[in-house]
Number of protein chains: 2
Amino acid sequence: MIYVRGMTTPSGDERAVPGSPADVLTLIGAGSATTRADLARITGLARSTISQRVDQLIESRLVSETEGGESTGGRPPRQLRLRTADNVVAGVDLGATHCRISLMDISGRTLATHEDPLLISEGPETVLAHVDRRIRGLLADAKLTPEALKAIGIGVPGPVEFATGRPNNPPIMPGWNAYPIPDYFTERYNALVKVDNDVNVMALGEHRAAFPDTRYLLFVKVGTGIGCGIIAQGRLHRGAQGCAGDIGHIRVSGHDEAGCRCGNSACLEAVAGGGALARKLTELGFPAESGSDVVALVQAGNTQALRLVREAGRLIGEVLASLVNFFNPEVIVVGGVLAKVHDHLLAGIREVIYRRSLPLATHHLAIVPTRTGADAAATGAGMLAIEHFLAPENINRIVTEAESAKTPTSTGG
Amino acid sequence: MIYVRGMTTPSGDERAVPGSPADVLTLIGAGSATTRADLARITGLARSTISQRVDQLIESRLVSETEGGESTGGRPPRQLRLRTADNVVAGVDLGATHCRISLMDISGRTLATHEDPLLISEGPETVLAHVDRRIRGLLADAKLTPEALKAIGIGVPGPVEFATGRPNNPPIMPGWNAYPIPDYFTERYNALVKVDNDVNVMALGEHRAAFPDTRYLLFVKVGTGIGCGIIAQGRLHRGAQGCAGDIGHIRVSGHDEAGCRCGNSACLEAVAGGGALARKLTELGFPAESGSDVVALVQAGNTQALRLVREAGRLIGEVLASLVNFFNPEVIVVGGVLAKVHDHLLAGIREVIYRRSLPLATHHLAIVPTRTGADAAATGAGMLAIEHFLAPENINRIVTEAESAKTPTSTGG
DNA sequence: CTCTTTTCTGTCGATGATCGAACGAAGTGA
DNA sequence: TCACTTCGTTCGATCATCGACAGAAAAGAG
C-alpha cells in the first residue's frame, strides 16, 4: 500500500477537488479505490470523467485492470491496480561495509533483495559500478528489462545535499564529496534517481511500512554511530542544510572525559555508540571491535555487555528526552545493529524519557523497536523512489506524453 | 505584505495551475501582482478569466481598485489591493500579567495597539470580557464597526489544543483548562477565532515580519520561563499533542541541585529562566522578583547580574546546540524580556552553539535578537488571524456566498 | 428458466467555464 | 494629430465535464 499525501488532509490545505490523472492514480495506489465506481464516489466526479481518466492511465501503462470483482448484487466491477508488471524501482542501501539492494514494484511489494559486503571507501566509481551490476542482475532474475526500472532510491552513510544528490563532506566516504551520484544512473537507465542519508531512508521505510498514519515519528539508529531520521507531517524533515537529525554529537552530561572523532568531548556517539561500547568491553577484557560484536556478547549472556547496553540506553534516553519536549513526536522507533538487543536498550531509553519528559508529551508516546529491521534502509530507499515516481508532476507528465504520442498532432498534409 | 504559502513551491507540491479566486487573491495579497495584466502573466490564465475573477473579488469586498498606475507606454493599469478599509483583524497577546491587543488590517499593517495590565489568573470570563471591551474600543477609535472585524488571533501563556482552541492543563492559567475560548468571541462577533500558545504566535510574528523567506526558524523566548516556537517549511510545528517547543524543562548538565516547579531538577528554566536569575540575585543581596528586575539590574551595570545573564546564555546555548544538530534551523531568534539585554545573553548562547554544534549546521546559522520586540506576540496573533481569514477555503466560501446572494436563483414565478 | 432488479461501464448530446480574437480605453512619443 | 503601446472588456468559439441513457453482467424472485 502506497502512502498518500494530500487527499485525507490533516492540515486542511492541499487541493480540494482531486481532478488530474495523478490524483486518480494516487487513490488507486493507496487502495482507497479499486474500481471506477469507487473513484467516482470518492472524488465526486462523474463516472464518465473517471472512465476517461482511467483509460488514460491504462494507456500510459500505469494502471492494470482485472476481471473478477465481487458483485454486490449487480454487475461486478473491474478491479483497478497499479500496473506492477513492468513498473519497478530499486532501493539501494549503502553502508560503510555493505550494499543491500531491494527490487520493489511500485505498489511497494519487495520482489527480491540482495546483500553484499562492499566497502564504501573504495570510492564512487567502484561502488556504483557494483550497484549497477547488482541491479541488472536482480532485474534479469525477475525476468524484467532495464526499461521496467522507473526509479532508483539510494541511502548513503553521510550527509547529502538532497536536491542534487551529492554527498556533503561525508566523514566516512572518502572520494565521494560532491560526487553527482544521480548522473551515474541517469546515464545508464531511463529512471529517476534520488539520494538521501541512510538514516533518513530508514525513517521513511519504517514510517511507510509500519506507521503510515503517524504524523510525527523519530527513527533512532544505534549502530557504530548514532543518528536520527525525522518524520513531520508524514514527510522527512531534512533541515536547512539537509543535516537535521545528527544527534550523535549532542553532549551528554557527566562524560567530559570521552573524546569524540568530531573533536568535541562527551558526544552521545562517543559514549553510547556501538564503537564506544566495543572499546569499553575490550578494556574490560572482552574483545569487541564493532556494534555487532557487542550484540554477540549480550546475546551470549555477558553481564558487562548487558550493563553497558542498558547504560547506553539511558544516555540515549537523556538526549531523546530533550527531543521529545522539543519535537513532541507520537512514535520513537529504535533501529540499527544495537536494536537487535532492544530489550536492554529500550529499557534504558524508556526509563529516562518517562522520567524526564513532559507528561503531556509522553502520555501518548510509543517507544518501540524497529519492525523493518535490516530491511529498513533498502525498503525506505525504494519508497523514496516510488514516491518520486508517483509524484503528481511526474505522473501528469507521463500521461500527457502518452496522449501527445498517440495523437500525431496532424503535421504536414 | 502577506506571507504566501503555495505558489513559489520549494518542495514541489501544492497545486500547479492556480485558478480559484483564492489563488488570485493570494497573489494580490503577497504583492506578487498588482494589476489584472500582472495576474494574467503570472497565472497563465486568459485576461478575460482574470477579469472575471477580480470582479468576483471586488464584488465580495475583498479587493479594492485604484486608478493611477504608472504607464509603461500604454494605457496605465488599475492597481489592485487587498481591501483593507473594512477588513481588519485583532491580534491578542495574553500574558501572565498583561493584555496587549493590536488592530491590524488584512494586509498586515498595524492600525493601533493597546496594552493593559491584566491578570490571566482572574479566569476566562473576566479576562475575555476585558479583551472584548478593548477590541470594541480599538474598533471605535478606528471608526470601524464590529462587522469589519473578520478574524481574531489569540496567544495565551500555556499549551493549547489548537484545533479546538482550548487550553490543555495550563500551569499558570487557573480556571482556563479546556475553556472553549473561540466560542466566547464567535457568539459576539462574526469572525474566525484561532487560539495558540504565546510562544508559537511570537515565532509566527517574528517569522512573517522579519524572516518571511526563512524556511526553518526557532524563536526562543527567555522570560520568567523559557519556551521555543518552531517554524518548519514556513509553518508552525506544533507536534503531536501541540506541546512542541517546550524546552524549558530540558535537563542541563551540572545543575542537579536546582529543583524546578515541574518536579524534576536541573531544568533549563530552573537555572536560566528570569525567575531563577531573580532568585539568585536576591540571594546575592540584589533584590529582584522577575525577569524585568534582572534586566533593570543589568542595565544599571550590576556586574553580578551581567555575569548571571551571560551564564544563562551559555546554559540556553547548551540546549540550543543540541537542537541545532537535531533540527538544523537557518535562524534562531531570541526574544522575551531577557532579550532586552541581548548583548550579554546572545554572547553566551553563540559561544556554546558555535563550539558544540556541527559545522555544517552552524555555517549558515544566524543567531539574532528579536526585531519585533514586545510586538511579537500581538502581531503574530494578528498574522494567525489574517492567514486563517485569507485561507483558500474561507475565501472561496466568501466568494461563492456573494455570488449566490447576487443571483436570486429564480425561485417562484 | 425467465424476468426483474441491481450495479457497473461506455456513449453522446448538453452545459458551462475558459479561451482568444477583436474592440474600445487611455496613456506615450514623434 | 497620429501612430503605437498597453490595459481591460466583450463575445463567440472551444473544450472539459456532466448527466441521462443504454448496454453489460451479475444476483435474486417467481
Side-chain angles (χ1 to χ4, degrees), chain A residues 15-24 27-28 32-60 63-81 396 399-400 402-404 406-407 409-410, chain B residues 15-24 27-28 32-60 63-81 396 399-400 402-404 406-407 409-410:
Chain A
R15 72 194 319 151
V17 178
S20 72
D23 294 328
V24 173
L27 289 169
I28 296 173
S32 317
T34 58
T35 70
R36 290 173 176 77
D38 273 356
L39 286 165
R41 275 189 293 264
I42 292 177
T43 62
L45 295 171
R47 288 207 302 276
S48 49
T49 309
I50 290 296
S51 270
Q52 183 200 321
R53 290 286 150 73
V54 170
D55 287 348
Q56 290 177 312
L57 290 169
I58 292 176
E59 195 83 29
S60 310
V63 162
S64 62
E65 194 177 29
T66 56
E67 302 290 328
E70 280 296 289
S71 165
T72 55
R75 171 177 174 174
R78 274 180 273 171
Q79 298 293 114
L80 300 172
R81 294 220 178 72
N396 288 335
V399 171
T400 309
E403 285 292 293
S404 61
K406 205 177 56 176
T407 319
T409 58
S410 64
Chain B
R15 72 195 321 153
V17 178
S20 72
D23 294 328
V24 173
L27 289 168
I28 295 173
S32 317
T34 58
T35 71
R36 290 172 177 77
D38 272 357
L39 286 165
R41 277 188 292 264
I42 292 177
T43 62
L45 295 171
R47 287 208 305 276
S48 48
T49 308
I50 290 295
S51 270
Q52 183 200 322
R53 291 285 150 74
V54 169
D55 287 347
Q56 290 178 313
L57 290 169
I58 292 175
E59 194 83 28
S60 310
V63 163
S64 62
E65 193 177 29
T66 56
E67 302 290 329
E70 280 296 290
S71 165
T72 56
R75 170 177 175 174
R78 274 180 274 171
Q79 298 293 113
L80 300 172
R81 293 221 179 72
N396 288 335
V399 171
T400 310
E403 285 292 293
S404 61
K406 204 177 56 176
T407 318
T409 58
S410 64

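Protein chains get the first letters and strands the later ones, always in sequence-line order, with residue 1 at the start of each.
- The nearest whole Å value for the distance from the CG atom in A:Asp38 to the P atom in C:dC8 is 8 Å.
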The contact string for nucleotides 19-27 of chain C, one letter per nucleotide 5' to 3', using protein heavy atoms under 4.0 Å with B, S and - for base, sugar-phosphate only and none, comes out as BB-B-BBBB
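- With contacts defined as side-chain heavy-atom distances shorter than 4.5 Å, the pair B:Val24/B:Pro21 does not qualify.
- The separation between A:Arg53 atom CZ and C:dG10 atom C1' is 16 Å, rounded to whole Å.
- The only member of B:Thr34, B:Asp38, B:Leu39 that meets side-chain contact (heavy atoms from CB on, under 4.5 Å) when paired with B:Leu80 is B:Leu39.
- Under the salt bridge (charged side-chain N to carboxylate O under 4.0 Å, His left out) criterion, A:Arg81 pairs with no residue, sequence neighbours left out.
- Between B:Ile50 and B:Thr43, the closest side-chain pair of non-hydrogen atoms falls below 4.5 Å.
- Comparing B:Thr72 and B:Gln52 by the nucleotide of DNA chain D that holds the closest heavy atom to each, the one mapping nearer the 5' end is B:Thr72.
- Rounded to an integer number of Å, the gap from B:Glu70 CD to D:dT5 C1' is 15 Å.
- Rounded to the nearest 0.5 Å, atoms OG (B:Ser48) and CZ (B:Arg53) are 10.5 Å apart.
- Across the protein-nucleic acid pair, A:Asp55 atom CG and D:dA16 atom P stand 15 Å apart, rounded to whole Å.
- Within the 4.5 Å cutoff, the side chain of A:Arg47 has no heavy atoms near those of the A:Arg36 side chain.
- Counting to the nearest Å, the P atom of D:dC7 and the CD atom of B:Glu67 are 14 Å from each other.
- Between the CD atom of A:Glu59 and the P atom of C:dG10 there is a distance of 13 Å, rounded to whole Å.
- Of the candidate nucleotides D:dG8, C:dG10, C:dC8, C:dG10 has the atom lying nearest to any side-chain atom of A:Ser51.
- Atom CD1 of A:Ile28 and atom OG1 of A:Thr35 lie 9.5 Å apart (nearest 0.5 Å).
- OP1 or OP2 of C:dG10 lies within a sub-4.0 Å distance of a side-chain N or O belonging to A:Arg78.
- For the pair B:Arg41 and D:dC7, the criterion of a side-chain N or O lying under 4.0 Å from OP1 or OP2 is met.
- The distance from atom CG of A:Leu57 to atom P of C:dT9 is 15 Å, rounded to the nearest whole Å.
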